[in-house]
Amino acid sequence: QMRRDGAQPIMARIAAAHLHPQLAGGEIALEDYARLITKTPRYAQAKQATSSPLAFASGLQRAGYATDPAYANKLSRAINTTLRLQRAHA
């Protein structure tokens, strides 16, 4: 559903980027994801969970971001892998 100004709501843009990554720039999807997580009050507790990637991902899942029961584990593995690769190339 489009807004009056012609822009798609953030969730629709994120969903479109996940479904059709070739049509949406990954940068746009990440910006929308970051905006959603940082600006939506329901994710406030997840933003405070900085002790580990799993704590953050579990907070997102508890707040209703994902319906996949394995979401928190999958996201934390992806974050940990990225961190490990960054350290290896630093």
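What's counted below: heavy atoms across the whole structure, side chains too, no hydrogens, waters or symmetry copies. Note that the coordinates shown come from a computational prediction; the quantities given were computed from them, not determined experimentally.
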- Rounded to the nearest 0.5 Å, the CD1 atom of Ile79 sits from the NZ atom of Lys74 at a distance of 14.5 Å

- Partners meeting side chain to side chain donor-acceptor pair (under 3.5 Å) with Arg87 (sequence neighbours left out): none

- When every non-hydrogen atom of Ala72 is compared with those of Leu54, the smallest separation belongs to O-CD1, 3.8 Å

- Partner residues of Ala88 under the side-chain contact (heavy atoms from CB on, under 4.5 Å) criterion, sequence neighbours left out: none

- Kindly give the heavy-atom pair with the smallest separation between Tyr43 and Ala63, and that separation in Å. CD2-CB, 3.5 Å

- Item | Donor-acceptor contact below 3.5 Å, side chain Thr40 vs main chain Ile37 | no

- Query: How many angstroms lie between atom CZ of Arg77 and atom CZ of Arg84, to the nearest 0.5 angstrom?
  - Reply: 11.0 Å

- Message: Let me confirm one number: the CZ-CD distance from Phe56 to Gln45, rounded to the nearest 0.5 Å.
- Response: 13.0 Å

- Note on the structure: Closest non-hydrogen atoms of Ala46 and Leu60, given as atom of the first, atom of the second and distance, are CB-N, 3.5 Å

- Task: Evaluate the ring planes of Tyr65 and Tyr33, with Trp represented by its six-membered ring, and classify them as parallel (under 30°), tilted (30 to 60°) or perpendicular (over 60°).
- Result: perpendicular

